[in-house]
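Accompanying notes for the structure given below.
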Number of protein chains: 2
Amino acid sequence: MQNKQHKFRQHLVRSGLKATRQRELIARAFFATNTHISAEALYRRVSGRDRRIGLVTVYRTLKLLKEAGLAHERQFGEGRALFEHASSDRHHDHMICSHCGKIVEFENCEIEALQEEVARRLGFTIQYHKLELYGRCKDCRADASGGTGRIRAVGAR
Amino acid sequence: MQNKQHKFRQHLVRSGLKATRQRELIARAFFATNTHISAEALYRRVSGRDRRIGLVTVYRTLKLLKEAGLAHERQFGEGRALFEHASSDRHHDHMICSHCGKIVEFENCEIEALQEEVARRLGFTIQYHKLELYGRCKDCRADASGGTGRIRAVGAR
DNA sequence: AATGAAATTGACAATCAATATCACTTTCAA
DNA sequence: TTGAAAGTGATATTGATTGTCAATTTCATT
Ligand SMILES: [Mn+2]
Ligand SMILES: [Mn+2]
Ligand SMILES: [Zn+2]
Ligand SMILES: [Zn+2]
């Protein structure tokens, strides 16, 4: 989205950082995604446009996008982090199929409210939280192929 | 607890594994803890008893304890895993102070029920979930020492 | 108690995602 | 145009965890 690209550029300027060709490209590729994507996978996409860009720069740019409030970093299960758009989207949590890796987003105000209540009771002030539900999606429940229970395709491109 | 030690020995026998001096020692040290502890920290404790035991064996024994249903492995925030007793304890979730690392356990049936409802609506069957609340505890809110927001003492011994 | 096959151990190397280093290149305000 | 400061990318490094493998230990069986 042109708007997000512009916001990113603004963040760079306001922070006294430079707008480089690489950052433009990487941000553009990121904004073109609509799922949860790993740095590695994003790197592969960017490589298609410019073979010279390094994975390290992808990591660095994703960090900048987080600082700009345009990306969220998620740590599902184990292994690598996944990134997704933040921008004006409202908060959401995730339900993940432990068999095929499918990720479904959801939002539940009642749960959010109860979390606040729990925290208050414990004398805490919540800054952020992580709620992840792991289980079998409809498709993976149907096919009785047991499997290993390992996540198979999280973050694959 | 003597009981847990016995259950561990039983698991070893039933699984055709051997009861070694190292496993006894490491399990004993683990059962003597009452918090969330890292493999490294447990290793340091065990080292006090027997300098020759290797960190690798601590990792292996913790895996066995998990398989025996006597330990849970938790991945809070970043870095290393923390382990805690499982045994007959019921399920619980965690509230973590992002400033001092304090971990408080809680349980909320209403939240659990709502999670099931969400999953059902999405066509999933929950196998397990992760709910972590991060924020400031009473003490760390009082002292206005801003800080970095980084967790300071999680898993320290 | 002795035996020996199979499991276990611990030193060390390997992995894997992510970060640090650093010489060279690019940006951009002046 | 210019040059100080920031950025890049190849490479090395980190840190937690796991794999390898020769030497050691366990334990069911003699
Ligand atoms: Mn999401
Ligand atoms: Mn706990
Ligand atoms: Zn599935
Ligand atoms: Zn605190």
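Everything quoted here is computed from the prediction, not taken from an experiment. Letters A, B, ... mirror the listed sequences (proteins, then strands); counts begin at 1.
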Per A:Lys18 side chain, nearest of listed nucleotides C:dT27, C:dT9, C:dT19: C:dT27
Whole-Å distance separating the CD atom of A:Glu73 from the C1' atom of C:dT19: 13 Å
Residue-phosphate contact under 4.0 Å: B:Thr20 side-chain N/O, C:dT8 OP1/OP2: no
Touch class at under 4.0 angstrom, heavy-atom based, for A:Arg60 against every strand present: base
side-chain hydrogen bond (donor to acceptor under 3.5 Å, both in side chains) evaluation trace for B:Ser98 with A:Gln127: CA-CA 8 Å; B:Ser98 56; A:Gln127 289 169 330; 2.4 Å; yes
Atom-to-atom span, CG of B:Leu25 to C1' of C:dT8 - whole angstrom: 15 Å
Value in whole Å for how far the P atom of C:dT8 lies from CD of B:Glu24: 14 Å
Segment of DNA chain D, first to last nucleotide, that comes within the 4.0 Å heavy-atom reach of chain A: D:dA5 to D:dT11
Sugar-phosphate, base or nothing in reach of B:Ala19, heavy atoms under 4.0 Å: sugar-phosphate
Charged N-O contact under 4.0 Å between A:Glu67 and A:Lys63: no
Atom pair distance, as rounded to whole Å: CG in B:Asp50 and P in C:dT8: 18 Å
Salt-bridge contact A:Asp139-A:Lys102 (side-chain N to carboxylate O under 4.0 Å): yes
Sole candidate of A:His92, A:His91, A:Arg90 that passes side-chain hydrogen bond (donor to acceptor under 3.5 Å, both in side chains) when paired with A:Glu107: A:Arg90
Atom-pair distance (CD on A:Glu40; P on C:dA17), nearest Å: 7 Å
Euclidean distance, atom CZ of residue B:Arg51 to atom P of C:dA11 [Å, nearest integer]: 12 Å
Below 4.0 Å: OP1/OP2 of C:dT8 and any side-chain N or O of B:Arg23: yes
B:Leu62 CG to C:dT9 P, straight-line distance once rounded to whole Å: 12 Å
Residue whose closest nucleotide on DNA chain D lies nearer the 5' end, A:Thr61 versus B:Gln75: A:Thr61
Ionic contact status for A:Arg120 with A:Glu116, cut-off 4.0 Å: no
Sugar-phosphate only, base, or nothing, as touched by B:Ala81 at under 4.0 Å among non-hydrogen atoms: sugar-phosphate
Among A:His94, A:His72, A:Arg74, side-chain hydrogen bond (donor to acceptor under 3.5 Å, both in side chains) partner for A:His36: A:His94
Length of the CG-P vector between A:Leu12 and C:dA29, whole Å: 13 Å
Contact summary for A:Ala29 and A:Val46, nearest pair of heavy atoms: CB-CG2, 3.6 Å
Residue closer to the 5' end of DNA chain D, B:Leu55 versus B:Leu17 (nearest nucleotide): B:Leu55
Phosphate contact (C:dG10 OP1 or OP2) by B:Gln22 side-chain N/O below 4.0 Å: yes
